[in-house]
Participant: 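Quick one: structure below, then a few questions.
All figures in this text were calculated on a predicted structure; none of them were measured in a lab.
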Amino acid sequence: MRVPSRIAPALLAPAVLVGVLAGCSTEVPEPAPTTPAVEAEPSPTPSPTPTADPAVVADVLEVHSAFWDAVIASENGPDPDAAPFFAIASEEVTGQQVGRVAQYLDIGMKRSGAPELGEPVVTVDGTTARVEQCVNQDPWVAIGPDGTEVAADDGVLPQGWELTEADGSWKVTRLFGAQETEIQC
């Protein structure tokens, strides 16, 4: 049977009221025995602990250093050649770097010098490593098409790299900025 739409709310209201009243009870529960409440402290988010294997850390740092060398050479050139990145970076990261250098070429810009790099902090969790480092790019100036230096004034900022190990080799697979790093600079 179909109920006309103007009658349906009138029939529905008493049913809802009965349901609400049925849920209420005049019984008052006994108070719980008073025992001091123990507030649990929030547990910190676990993060990977540094590996105890210095050889793994050394391998990760070697790739990280080679990546910086390739980035600096490509941006100072500027040289959009992807070959220096093949053994040390994923296709995606290589594409990002080559694309950045291609943009430099398009506008006639290059860089000169090198950034100042702080001590890297390495954590390894299985086949994934994370390197975080304080980086000052201010001394690594951009040079415009007319030869004018365009100095940055960003100061020292944290940067990060995620590396993945496959078939016995580590590669940079993701870059991340200050908002994702755990270190402070």
Participant: Do W170 and L175 share a hydrophobic cluster, counting only Ile, Leu, Val, Met, Phe, Trp and Tyr and linking them when any side-chain heavy atoms are less than 4.5 Å apart?
Facilitator: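 Result: yes, single cluster for both.
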Participant: Distance-only, no hydrogens or angles: does the R174 side chain make a donor-acceptor pair with backbone N or O of E162 under 3.5 Å?
Facilitator: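 Judged by distance alone, no pair lies under 3.5 Å.
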Participant: For the CD atom of Q137 and the CG atom of L117, what is their distance to the nearest 0.5 Å?
Facilitator: 9.0 Å
Participant: The criterion is side-chain hydrogen bond (donor to acceptor under 3.5 Å, both in side chains); which residues satisfy it with E165, sequence neighbours excluded?
Facilitator: none
Participant: Main chain of D154, side chain of D138: is a donor-acceptor contact present, judged purely on distance under 3.5 Å?
Facilitator: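 Yes, because the side chain of D138 sits within donor-acceptor range (under 3.5 Å) of the backbone of D154.
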Participant: Are side-chain heavy atoms of V172 and V63 found at a separation under 4.5 Å?
Facilitator: yes
Participant: How far does SG of C134 sit from CD of E119, to the nearest 0.5 angstrom?
Facilitator: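 The SG atom of C134 sits 10.5 Å away from the CD atom of E119.
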Participant: So which heavy atom on G113 is nearest to which on N76, and how close?
Facilitator: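 That would be O-ND2, 2.8 Å.
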Participant: Which heavy atom in F85 sits nearest to a heavy atom in S74, and how many Å separate them?
Facilitator: CZ-OG, 4.0 Å
Participant: Under a 3.5 Å cutoff, is there a donor and acceptor pairing between the side chains of Q133 and W68?
Facilitator: yes
Participant: Is there a donor-acceptor contact under 3.5 Å from the side chain of T181 to the main chain of A178?
Facilitator: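 Present.
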Participant: side-chain hydrogen bond (donor to acceptor under 3.5 Å, both in side chains) with T164: which residues, sequence neighbours excluded?
Facilitator: T173
Participant: Among all residues two or more places apart in sequence or in another chain, which pass the salt bridge (Lys or Arg N to Asp or Glu O under 4.0 Å) test with E91?
Facilitator: none
Participant: Scan side-chain atoms only and decide if Q97 and R100 contain a donor-acceptor pair under the 3.5 Å cut-off.
Facilitator: yes
Participant: Are any side-chain N or O atoms of K171 and backbone N or O atoms of F86, one a donor and one an acceptor, separated by less than 3.5 Å?
Facilitator: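 A pair under 3.5 Å: yes.
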Participant: Supply the atom-to-atom distance Q159 CD to N136 CG, rounded to the nearest 0.5 angstrom.
Facilitator: 10.5 Å
Participant: Check whether any side-chain heavy atom of C185 sits under 4.5 Å from a side-chain heavy atom of V135, and report yes or no.
Facilitator: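 Not in contact.
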